[in-house]
Every structure is written in C-alpha cells, then in structure tokens.
Amino acid sequence: MRLLIAEDDPMLGDGLRRALQRAGYTVDLAVTGEEAMAATRAQDYALILLDLGLPNISGMEALKALRGRRDPTPVIIVTARDRPEQKVEGLDAGADDYVVKPFDLDELLARIRAQIRRGEKRTSDALSAHGVGVDLAARTVTLEAEPVAVTAKEFKVLAALMRRMGQFVSKEELEGALYDDTAEIESNTIEVAIYGLRRKLGSGLIVTARGLGYTIPKDT
Ligand code: CA
C-alpha cells in the first residue's frame, strides 16, 4: 500500500517515512507542494499526509487542487497550525483528518489505518474502467452507462478483476472468489465466465496471460 508524505522538514519527513515503512507501507516523500501535486497525478495513493507549510505550492492549495479534480484519496493534514479556524479551513477544503504537530506516532498510525479503511469503503462500492461500471452494493454492471445482465459467477469474476485492476489474478484466485456459493467448481467455470464477460462487455476488457491468469488493464 503506497502512501505520500508531503513534508518539507527533512528530519520530520525522513522520520515519518521510516516509521511508515516499518509499519509496512510503501512511501513516497515530496518536499514541495509542486512535487506533491506531481506525485498525486502520477500515482494512486492509499493516503496522503499533508503538511500545510510547503514551499512553492502550499498544502492547502495542493489539497484544493486535488479535490478540484475529484480525486478522493484520503488526506490527513499534519501541521503545527493548531487554531480551531485553521482546522475548520483544512477540513472544509476536503481533508479527512487533521493532526497537530508534535503528534504521537502510534496515534497517527491508527488514524492512517482508519482513513485507509474508509477510503477503501468509499471506492469499493463502485468500480469503473474502459466504459464498464460495476456497482458492488447493487450488484449491477453497466457498459457505457447501459445496464448489462450478467450471471452471478460472471459478476464475481468481474468484481474480483476490477478490484485488482492492473494486476494479474490467477484462475485459482478467481475460483476462490466463487467458493462461497458453489460447493464444487467445474474445471472450466472460470473460462466460461470470462467468455461470457468478453461477449457482453467487449473482447478487449480482460487480458489473458499464460501462467499468470487474467487482468483488466489499468484505465489510462
Ligand atoms: Ca512545513
């Protein structure tokens, strides 16, 4: 899971990076607002830790730009600015949480986990790519906004691939996604579901690679 730290204080930035890496995260560090903006355009982060006092583009401007382009990545502001009106401004600008320096590391880690959980929930209800939309709560599929009827197995296979877009998912893993509703899986169940999905949603949506499995390429 990849996080972005936007922090210009070298001691704090480096300390945070190492602490988060120890906690198992992959971490990018941006030391200016401009770097932070470029990083969020190039990468999909699970969460951003954002200092407000950053050189050239302030953290607040970066946050407003991020939300302006409807990027839903969870943002925790980490700042020395502790006045209530500053917190209000940050939260109103689209931050999900606000932590005042100096902070307790364990508490920050807990807040990061909480925001990532919420972020996953927000994005996990509706997934879309290549004109195909999957609503996990309503269990519906659309192609170019038109409803498409799929079988229960096709839906589960599609949802599993959408959730891990850009990664190969093995046939065994896809079978695992079906286990809860079928006691026995026939050997060609996945192939049949993939065939059905390709027929209904376009042959280019799902890519097969021998030995790796199936993938829906990232939408660029
Ligand atoms: Ca700063």
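Numbering of ligands and ligand atoms starts at 1, following listing order.
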Q.
Quick check: of its N, O or S atoms, which one does Asp51 have closest to the Ca ion (ligand 1)?
A. OD2
Q: Using only N, O or S atoms, tell me which atom of Asp8 is closest to the Ca ion (ligand 1).
A: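 That would be atom OD1.
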(Q) Just verifying a value: how many Å separate Ile112 CD1 and Glu107 CD, rounded to the nearest 0.5 Å? (A)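 CD of Glu107 is found 11.0 Å from CD1 of Ile112.
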Q: Report yes or no: does Gly53 have an N/O/S atom closer than 3.0 Å to the Ca ion (ligand 1)?
A: yes
Q) Does a side-chain N-to-carboxylate-O contact under 4.0 Å join Arg81 and Glu89? A) no
(Q) Do the side chains of Asp96 and Arg67 get close enough for a salt bridge, i.e. N-O under 4.0 angstrom? (A)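 A salt bridge links Asp96 with Arg67.
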Q. Checking side-chain contact (heavy atoms from CB on, under 4.5 Å) for the pair Leu201/Leu158: CA distance, chi angles, key distance, verdict?
A. CA-CA 10 Å; Leu201 302 172; Leu158 179 62; 3.8 Å; yes
